[in-house]
There are 2 protein chains.
Amino acid sequence: MEQKKVRNMEQFAAVSGISRPTLSKYFNDPDSVRRSTRDRIEQALTQYDYRPNVYAVNQNRSKTKNIGVVVPNLADPFFSEIGREVELACLAAGYSPILLSSHGNPEQERANLEALRLLKPAGVLLAPFGRASDRADIEAFNKDVPVVLFDANIEGACEAFVGTNNFQSVDLIVEYLCRSGEPPCFFEMKSPSNPNANKRRQAYLESMQRHGHTPHIYQAEGEGWKFEEIGSIEGGRLMSKNALATNTVLCSNDRLAIGMLSAAYGLGIVVGHGEGGALRIAGHDDHPFSRYTCPSLTTIAQDYAAIANRAASTLFRILDAETRLSEREETLYEGKLVMRDSA
Amino acid sequence: MEQKKVRNMEQFAAVSGISRPTLSKYFNDPDSVRRSTRDRIEQALTQYDYRPNVYAVNQNRSKTKNIGVVVPNLADPFFSEIGREVELACLAAGYSPILLSSHGNPEQERANLEALRLLKPAGVLLAPFGRASDRADIEAFNKDVPVVLFDANIEGACEAFVGTNNFQSVDLIVEYLCRSGEPPCFFEMKSPSNPNANKRRQAYLESMQRHGHTPHIYQAEGEGWKFEEIGSIEGGRLMSKNALATNTVLCSNDRLAIGMLSAAYGLGIVVGHGEGGALRIAGHDDHPFSRYTCPSLTTIAQDYAAIANRAASTLFRILDAETRLSEREETLYEGKLVMRDSA
DNA sequence: ACCTAAGTTTTACGCGCGTTAAATACTCAG
DNA sequence: CTGAGTATTTAACGCGCGTAAAACTTAGGT
């Protein structure tokens, strides 16, 4: 099939019998040429192996067809999944996604944005760490390249934010836990690396108040992204000291819950809502592994696909309009309760 | 600090008082200019915001400083970790890594290589699926761009392979299991998506023979990358039917083991080498989560860092020499036994 | 057959940088 | 201070493609 290699558009114009400017139009938008012309070009493409030189194509453009996708940590399955969804949305819209992980390091997030600058992306989809110190950088970046935030919000920054409504989702699971047993205490990290954690704590407090229960919050020492380890060590400490105010624990996220489940197992504490269950543990995020914990983890499922698609389509809207949004948009999706065995 | 933006090298030459060809040399290799010149340039760089246009730089090059890194599935923490190690090695050597995931889909692997072609990478580090059908594509690609394989081998293909010695590692854990209890049976997928699985089965057979035991292999139906699910369903089926020949199971990889542990828990089967343990389960890979399973998983740790660094440095050696290896190289690292509670 | 609007070809320039060759400037040893 | 060797400057071309303007061709309606 694909036979002779053609080195450049000039040559391809020669062998295909189509002028170079027309070819240029075609490669930038196949629909911009007459149907018959398009057919001739595509016919020629089956006979000659030619694809435009990416670098030459982008050299003169001030904006490319690239879209930067930056997530805090690809090693976390949550981000690898939502990152994948975002990638697919970009591809479907004819853009080239460039997926970058900040590897759990805010410094790397800045480096990623710097690196993206050189690639002149048309736009960026960013799941930020949300540290206050990054705000200025990100807003400066947003001045040059439109940025849509997802997963974690930075109040008022960038063009838009798409995420989960933590107040709804936490209330949902708090309500369920209260209804089905003792009201939950809340287990989280002391200095969370993600702003959603703060929302969830707040949501927990409000929800408990609304249901007329006394809230109890336990904050684990430890920094970084080793959530399971922190959940296991600090959660284990709490359980072994019998320090929990109720027999039900809502963890700020699934990875903490996974660590805590592991510690409970080690301590011989039977977790679960069933008979013989001494402790109930619930999480948040529906981590890919939460289905396979022992017992399987009751949690909140975020709507990955909806968040990813909404974030992407919001960015495309900005790119198509070639102007920024008149007003910053915020879209929150509802979480769904996933009832399993742990609570 | 960084003040006036400079649009191109011409302008930067004007403001810095250095000629453009010298600047060009500097940006391609800072050591290639005289020390005093380098200082002047770097002094100017603190006053003016200028960085060469990536696209213009690469337009004329037949090879760039990019290195493609392709892994089968970034959603698998094993690959996200080893991918990260590879990235770091590339950066340390002054190359720009481009990390691509094939999302569990061999078709995507081909697409990734096609996409990389356009980026004219200097070399590619590939963790392949290893299907026979991909071999031709990959070898064709290797003709144009030097490829070093890691994690999964394709016999005789590409410049080199770096991975774990499955025969050593499986023998290590088989020996341990035999020594400490009943000899293991082997649990794997019927049609594994990774060639290491075949090596491990073979290694299990040989090792059992060497130790004078009868091997038993159980193969789970199911395709794709949902290893935990397959391990849980098929492993659960085996356990509930009491079909296992011995009370010790060696799983082809940790994710299968995680699924099986989950199923055992559901069936009320106590797993572990301790008192009361009715079943022992072991894995292979030291998956990041294997420390937090219930019970924690005894497994084999691969030397991620060594594999990644060796693969990268082998590629750099080829790139520096500007010639292919006289002979294909194969480097295997030993796995280490990680003794935890499950076996 | 004629007209018009839309698509195509021809011609030509520019983008930012790599690179070469010849001329010039610098550095350091003797 | 001088000369040899190295580094830098000057001048100029090319890479592959986007794009603009003008001339030309085509499609579709009357």
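Only this structure's heavy atoms are used, side chains among them; waters, hydrogens and symmetry mates stay out. Lettering follows sequence order; numbering is per chain, from 1.
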Item to check | Interatomic distance where CZ belongs to A/Arg51 and C1' belongs to D/dC17 [whole Å] | outcome: 16 Å
Next on the checklist: Walk me through whether A/Tyr26 and A/Glu42 qualify under side chain to side chain donor-acceptor pair (under 3.5 Å).
Outcome noted: CA-CA 10 Å; A/Tyr26 167 81; A/Glu42 289 173 350; 2.8 Å; yes
Checklist entry - Do B/Glu155 and B/Arg328 sit within salt-bridge range, that is, some charged N less than 4.0 Å from a carboxylate O? => result no
Checklist entry - Does A/Glu85 come within less than 4.0 Å of A/Arg310, counting only side-chain N to carboxylate O? => result no
From [X] atom [atom1] to [Y] atom [atom2], the distance as rounded to the nearest 0.5 Å:
| X | Y | atom1 | atom2 | value |
| --- | --- | --- | --- | --- |
| B/Ile138 | B/Cys158 | CD1 | SG | 6.0 Å |
| B/Glu87 | A/Ser101 | CD | OG | 7.5 Å |
| B/Glu114 | B/Asp137 | CD | CG | 8.0 Å |

Checklist entry - Earliest and latest nucleotide of DNA chain C, 5' to 3', sitting under 4.0 Å from a non-hydrogen atom of chain A? => result C/dG7 to C/dG16
Checklist outcome for this item: Result for 5'-nearest mapping on DNA chain D, choosing between B/Lys25 and B/Asn60, is B/Lys25
Next on the checklist: In terms of relative ring orientation, are B/Tyr50 and B/Phe12 parallel, tilted or perpendicular, with 30° and 60° separating the classes?
Outcome noted: parallel
Checklist entry - Using the ring of each side chain (for Trp, its six-membered ring), is A/Phe316 parallel, tilted or perpendicular to A/Tyr95, with breaks at 30° and 60°? => result parallel
Checklist entry - For B/Arg110, does the CZ atom have more than 12 heavy-atom neighbours from other residues, nucleotides or ligands under 6.0 Å away? => result no
Checklist entry - Is there a donor-acceptor pair closer than 3.5 Å between any side-chain N or O of B/Ser313 and the backbone N or O of B/Asn309? => result yes
Checklist entry - Under 4.0 angstrom, heavy atoms only, what part of the nucleic acid is A/Asn58 near: base, sugar-phosphate, or nothing? => result nothing
Next on the checklist: Please list, in numerical order, the residues of residues 10-22 of chain A that have a heavy atom closer than 4.0 Å to any atom of DNA chain C.
Outcome noted: A/Gly17, A/Ile18, A/Ser19, A/Arg20, A/Pro21, A/Thr22
Item to check | Protein-to-nucleotide contact annotation, 5' to 3' order, nucleotides 22-28 of chain D [B base; S sugar-phosphate only; - none; under 4.0 Å, heavy atom] | outcome: ----S--
